Amino acid sequence: MGKPESEFEKYWKGFYMLFGLSTVFGGLGHTFFYYTGIYGKFPCWTLGILTSFYAGKAMISLYNPLRKRLLTRVLIAKAVLLWGLAIAFKSFLFITVDAVVAYLIFCGGFGVYFWKKGMAGFKYIVFGVVILIPSAFIFLLKLNPHVWFNKDDLSHVLMMITITFFYFGIRFMANYFKENNTFNVLK
């Protein structure tokens with residue numbers, strides 16, 4: 001994608017960078033769980049919260065400054081509250097709630113809104129969210145399809161498909177913004 005030309009691209013680049021780091025720390029947290037216990041998962045959880053924050057910031061970057069400020073405060077409050085609860089209670093449930101709120105409302109809800117405004121690339125982001133929705137139920141209801149392909153594996157496959165759809169939407173919209181010489185502001 002090259003150097004970001006808009007806030008939209010900048011925050012999505014941050015999303016993918018943080019998502020990658022979260023994946024690395026998640027792998028380390030799981031690998032060394034015997035040694036670190038639940039505390040080894042905290043870096044991944046923290047990066048996961050930041051990842052959803054960046055996705056939300058990317059989606060609201062198209063709004064006017066007043067709306068962006070208000071929605072940014074909502075994102076910050078959500079992130080701080082749910083991160084604090086996750087650490088205090090040592091529970092991944094709050095990280096899951098953060099992801100559901102961020103991706104369902106900010107990516108899905110705003111994605112539908114922008115798609116209806118004529119920005120067709122957002123349909124890929126919406127499709128990505130729709131693909132991700134079953135992941136929450138699979139994880140929370142502990143639906144294990146097979147002993148060697150459990151709820152975690154299935155959820156991670158759905159996440160990979162989702163971020164692929166996000167990528168298609170981001171690329172499509174980056175090209176749209178360049179062709180139309182506009183990068184934001186929705187009223």
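Just so you know, these numbers come straight off a predicted model, no measurement behind them.
- At a threshold of 4.5 Å between non-hydrogen side-chain atoms, the residues L132 and S135 count as touching.
- Of the possible donor and acceptor atoms, none in the side chain of N150 sits under 3.5 Å from a partner among the backbone N and O of N144.
- Taking the six-membered ring where tryptophan is involved, the planes of Y35 and F32 are tilted, since the angle between them lies from 30° to 60°.
- Clustering ILVMFWY residues whenever any of their side-chain heavy atoms sit less than 4.5 angstrom apart, transitively, puts V100 in the very cluster that holds V74.
- Taking CD1 of I163 as the reference point, atom CG of L158 lies at 12.0 Å (rounded to 0.5 Å).
- Taking OG1 from T72 and CD1 from I60, the interatomic distance works out to 3.5 Å, rounded to the nearest 0.5 Å.
- Taking the six-membered ring where the residue is Trp, Y39 and F42 present perpendicular rings, their angle passing 60° and hence far from 30°.
- F106 has its side chain out of reach of V129: every pair of non-hydrogen atoms, C-beta onward, lies at least 4.5 Å apart.
- No more than 12 heavy-atom neighbours from other residues, nucleotides or ligands sit within 6.0 angstrom of CZ on F137.
- Under a hydrophobic clustering in which Ile, Leu, Val, Met, Phe, Trp and Tyr are joined whenever their side-chain heavy atoms come within less than 4.5 Å, directly or via other members, W148 and V157 fall into different clusters.
- Side-chain atoms of S61 come within 3.5 Å of backbone N or O of A58 as a donor-acceptor pair.
- A donor-acceptor distance shorter than 3.5 angstrom exists from the side chain of T164 to the backbone of M160, with no hydrogens or angles considered.
- With rounding to the nearest 0.5 Å, the separation of CG in L104 from OG in S52 is 12.5 Å.
- Residues G108 and V126 share a closest heavy-atom pair of O-CG2, 3.9 Å.
- Using a cutoff of 4.0 Å between basic side-chain nitrogens and carboxylate oxygens, K68 and E7 are scored as salt-bridged.
- The shortest side-chain heavy-atom distance between L82 and I95 does not fall under the 4.5 Å cut-off.
- The six-membered or imidazole ring of F8 lies away from that of Y54, with a centre-to-centre distance of 6.0 Å or more.
- Considering every non-hydrogen atom in both S22 and G48, the closest pair reads OG-N, 3.9 Å.
- Contact record, G111 with F122: O-CB, 3.4 Å, taken as the closest heavy-atom pair.
- For W12 and F166, the ring centers are positioned less than 6.0 Å apart.
- Proximity of the aromatic rings of W83 and F53 is defined here by a centroid distance below 6.0 angstrom, and this criterion is not met.
- Without hydrogens or angle criteria, Y16 side chain to Y11 main chain gives no donor-acceptor distance under 3.5 Å.
- Two residues are said to be in side-chain contact when any heavy atoms from C-beta on lie closer than 4.5 Å; Y124 and I170 fail this criterion.
- Hydrophobic clustering of Ile, Leu, Val, Met, Phe, Trp and Tyr side chains at less than 4.5 Å, counting indirect connections, keeps F33 apart from I87.
- Within the 4.5 Å cutoff, the side chain of K151 has no heavy atoms near those of the H156 side chain.
- Taking a 6.0 Å sphere around CZ of F25, one finds it holds 12 or fewer heavy atoms contributed by other residues, nucleotides or ligands.
- To the nearest 0.5 Å, atoms CZ (F165) and CD1 (I131) are separated by 4.0 Å.
- At a threshold of 4.5 Å between non-hydrogen side-chain atoms, the residues F114 and M59 count as touching.
- L18 and V80 fall within a single hydrophobic cluster, where Ile, Leu, Val, Met, Phe, Trp and Tyr are joined by side-chain heavy atoms under 4.5 Å apart, directly or via other members.
- Panel note: side chain N64, backbone L66; a donor-acceptor pair is recorded below 3.5 Å.
- Relative to the six-membered ring of F92, K41 misses at least one condition, a distance below 6.0 Å or an angle of at most 45° to the axis.
- Atoms CG and CG, on D98 and L75 in that order, are 9.0 Å from each other to the nearest 0.5 Å.
- Atom OG of S91 and atom CH2 of W45 lie 6.0 Å apart (nearest 0.5 Å).
- Put simply, the residue from Y103, W115, Y63 that forms a ring pair (Phe, Tyr, Trp, His ring centres under 6.0 Å) with F110 is Y63.
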